Structure formats: C-alpha cells, structure tokens
Engineer: 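Got a structure here, written out as structure tokens. Questions coming.
The first residue of the sequence shown is numbered 1, and numbering continues consecutively from there. The shown structure was predicted, so the numbers you read here are calculated from the model rather than taken from an experiment. Both counts, for ligands and for their atoms, begin at 1 and track the order of listing.
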Amino acid sequence: MAILTGGGDCPGLNAVIRAVAKDAMNCGIEVLGVEDGYLGLIENRFKELTPNDVSGIIARGGTILGSNNKANPARFALGKNPDGSIMYKDVTSDCLRNLRDRRIQALVVIGGDGTMTSAAWFARQGVAVVGVPKTIDNDIEGTEITFGFQTAVATATDALDRCRTTADSHHRALVVEVMGRNAGWIALHAGVAAASDVILLPEIPFSMTSLYETVLARAKMGKRSSIICVSEGALPEGGKQVVAKIDPTSPDPIRLGGIGKVIADLIEKDTDVESRHVVLGHVQRGGTPVASDRVLSTLLGNHAMTLLREGKVGRMVAVQKGCLTDVDLEEPAGKQRRVPKDEPLLQAAKAVGTSFAD
Ligand code: F6P
C-alpha cells in the first residue's frame, strides 16, 4: 500500500502516517510513501517506509513525505502556452501506471478538500483509496473536526495572550490576524479562548463603526487595551475580502491576507487609539501537534486501516457527533464547512460581552 500527504501541511500529519504505517507493517503489508503529494504520484517518486522511518515521529510537525498544494492529476499545470496562459494536461493515466507498476493495492491519502476531490477521482478510476481529512482550518465538509485545528488554536491563543500583555502596557488596540480561508473556526475558538474583545469572522461581515464603538468604549471605561482577533477571510459589510496573492497554477488560487493591517490603520486614523497588527501566518501550521491532535490523528489513521481491511474504499474517515465514522469521498468536494449562525460558541461569546462588530 502507499500513503500520500497532499495540500498545505498541518500538525498531526506524521502522527497519521505513523498510525497507518505501523498498523500495516504489523500485518506484514509493505508500505510506500509517495513524495510531495500528488506530484510524486505523477512523477513516480515513492520511497519504501521502514519501521524506523515511522518511529519517533508522532510529535514532529510537517510531513516526512513532503506535500504539494498545486498538483491536480486531472488538471496538471505543465507550463505556460506562448500567450502566457497555463497549459493543463490530464496525467491520471501516468499515476495509474505508476501505482500498477509498483503493485500498490491500496492508497491512503491525507489532505484537505482538494486532495479529497482528487482521491474521489482516483476511486472512480478503480483505485482502492481511503481519505483522512486534515487542515488547521477545520472547514472540511462531512467531519466536525480535522486534526491540526486544535494545535493551530493553541498557537493562536498563546499569541493573543502575549499580545494582550504588550497592548496593556501601551494602551493600544492590537489586531491579530489568524488563518482559516473562508471559515472562521480558528478565529472563533482562539478568540474565545484568549478572551478577545472583538472577533471578526468571514461568516459575519463587520461594521467599522461598531468596531470603533467597542474600542472607544473600552478606552473610556479605563481598559488598557483592546484585542481584535480577525480571521484572514473576514470582510466589512458590503465590502470584499483582502487578497494577498493569486497563484494561477494552484487549484485553489486565492491566498487571503492583509485585513489585519487595514483594520489597525483605520482604528488608529479614526479613533486616535494607537494600534498595531500581527499576522500569525504559517506559525499556526508549523511545529509539534498538541496532545489532542496526536490522539485524533491516531484514531483517524487507525479507522482508515479498519476501512481498508473491511474493503470499504472510496470513503473518507470522519468524526460526527463525537464518534468515528466515514463518508463518501465525494462529500467534501468543492465545499467548505463554515461557522453556522446557530453555532453555540457564538452565543457563549456574545453572552460574555465579546463583540462580533455586526
Ligand atoms: O488551508 C490551510 C491554510 O493555511 C489556510 O488557512 C491559508 O489561507 C492557506 O492554507 C495558506 O496557503 P499557502 O501555504 O499556500 O500560503
């Protein structure tokens, strides 16, 4: 069998690789790692995994296999046409040949919605594939939690706590921008955990007037600081998200980022409260997974092996209502699980006076 990690990395990938590979090896199955996600499958780059390779890696960040968030075998960017447009080719048959040549009978893919979409594509071509959902964003449809999320929340919470002490010293407003794409899960959880005064989410367009009111009211009450936790995908009412860059070769070309600076500059200009911004960026994706992510990764990896043993393929392992389960690999394709209006944590945050500037 082979294991592949696709998309952006996240804490806990190695813990899943370990759970899958050790179980397989203990059953006498030969395990190969695909290097750099679907790119390695296209370019026929595999490495044999030994018990030593997957030992001592549960706490290690990143992925020992490497990853790639651009290579989509059904629409692989080969280069540029003479007119500058991107030249695409379907290289699925190359991947199928590589799998056949190495006598790979089962594939475990660990990744986000894009990786699952390609996994579903391979399942339709007859490959025995099982998916394990990962992302710090926690936005994969079909599962209520992804590994990596709890580590990102812990990192963001620690940063928010640190920003509070420096902001307090200087009577400042500090805007902390966290990741999450179009879903506000990281901002909501870290914002609540660090008792942020304002939390801005992509799901709740914000009003600058309301934000100013909170910052000014706090200053008037003698509060020494205001901490604003903003999701990179947050947007003002009637406005647009701030795009950091567009990568035309990526299946998900838009990279969000920059809203934190916009908000901090406006607060300082319009309220006279001195403001700074911090962008946490990839710090949230790197480093060692927290204990709960290591446990979740181990459970999900083990469930993937159970499915393979039962011959239940074309499935993605998932958590629903706190229990391990599995869904069709097609389920997350092209979707994002966003914070719903009736999310209990929204209500709990409002009840303690947190503003969403709506
Ligand atoms: O999906 C994970 C994520 O970290 C998002 O939160 C973020 O918007 C994006 O990936 C960043 O992607 P890249 O690593 O390509 O800059």
Side-chain angles (χ1 to χ4, degrees), residues 5-13 16 36-39 61-63 65-72 77 109-119 131-143 145-157 159-160 176-191 199-203 229-235 240-262 277-287 289-290 293 297 316 332-339:
T5 52
D9 71 341
C10 102
L13 283 169
V16 180
D36 300 330
Y38 288 115
L39 189 62
T63 159
L65 300 177
S67 193
N68 181 289
N69 59 7
K70 293 183 184 170
N72 171 5
V109 299
I110 313 165
D113 53 342
T115 307
M116 292 307 144
T117 304
S118 293
V132 182
K134 67 87 227 188
T135 169
I136 62 163
D137 305 335
N138 203 29
D139 64 349
I140 299 189
E141 195 62 50
T143 184
I145 186 131
T146 53
F147 70 86
F149 170 65
Q150 294 169 93
T151 304
V153 168
T155 303
T157 303
L160 285 157
V176 182
E177 180 181 313
V178 301
M179 280 184 164
R181 292 200 298 181
N182 298 307
W185 295 107
I186 299 176
L188 178 60
H189 281 246
I199 300 174
L200 304 177
L201 308 177
E203 294 86 349
C229 177
V230 57
S231 174
E232 62 181 2
L235 69 168
K240 288 188 178 150
Q241 290 177 319
V242 180
V243 174
K245 67 190 266 191
I246 295 187
D247 181 348
T249 62
S250 168
D252 183 15
I254 295 175
R255 292 292 176 279
L256 298 167
I259 184 73
K261 175 170 167 43
V262 172
H277 78 281
V278 178
V279 181
L280 298 188
H282 292 81
V283 169
Q284 296 157 100
R285 282 213 332 230
V290 295
D293 269 333
S297 297
M316 179 185 84
K335 298 185 203 129
Q336 280 175 346
R337 196 181 68 89
R338 305 181 78 202
V339 178

Engineer: Please answer whether the main-chain N or O of W185 pairs with a side-chain N or O of N138 as donor and acceptor at a distance below 3.5 Å.
Structural biologist: no
Engineer: For residues D9 and T63, is any side-chain donor paired with an opposing acceptor at under 3.5 Å?
Structural biologist: no
Engineer: Name the closest protein heavy atom to atom 2 (C) of ligand 1, giving the residue it belongs to and the distance to 0.1 Å.
Structural biologist: D137 OD2, 3.2 Å
Engineer: Taking heavy atoms and a distance under 4.0 Å, where does R285 meet ligand 1: side chain, backbone, both or neither?
Structural biologist: side chain
Engineer: Taking 4.0 angstrom as the limit, do R337 and D139 come out as a salt bridge?
Structural biologist: no
Engineer: Is L256 close enough to touch ligand 1? Criterion: a residue heavy atom under 4.0 Å from a ligand atom.
Structural biologist: no
Engineer: Can you list the residues that meet the side-chain hydrogen bond (donor to acceptor under 3.5 Å, both in side chains) rule with Q336, with sequence neighbours excluded?
Structural biologist: N182
Engineer: Polar-atom distance check: G180 versus ligand 1, any N or O pair below 3.5 Å?
Structural biologist: yes
Engineer: Taking side-chain hydrogen bond (donor to acceptor under 3.5 Å, both in side chains) as the definition, give me every residue that meets it alongside T115, ordered by chain and number, with sequence neighbours left out.
Structural biologist: none
Engineer: Looking only at protein heavy atoms, which one is nearest to atom 12 (O) of ligand 1, and how far off is it?
Structural biologist: R255 NE, 3.3 Å
Engineer: Would you find a donor on one side and an acceptor on the other, under 3.5 Å apart, between the side chain of E232 and the backbone of R181?
Structural biologist: yes
Engineer: For atom 8 (O) of ligand 1, which candidate among K134, E232, K70 holds the nearest heavy atom?
Structural biologist: E232
Engineer: For ligand 1, which atoms, with element, lie under 4.0 Å from some heavy atom of R181?
Structural biologist: 5 (C), 6 (O), 8 (O)
Engineer: Could you list the atoms of ligand 1 found under 4.0 angstrom from a heavy atom of H282?
Structural biologist: 13 (P), 14 (O), 16 (O)
Engineer: Under a plain distance cut-off of 3.5 Å, with no hydrogens placed, do T249 and D247 share a side-chain donor-acceptor pair?
Structural biologist: yes
Engineer: Distance under 4.0 Å to a non-hydrogen atom of N69: what atoms of ligand 1 satisfy this?
Structural biologist: 15 (O)
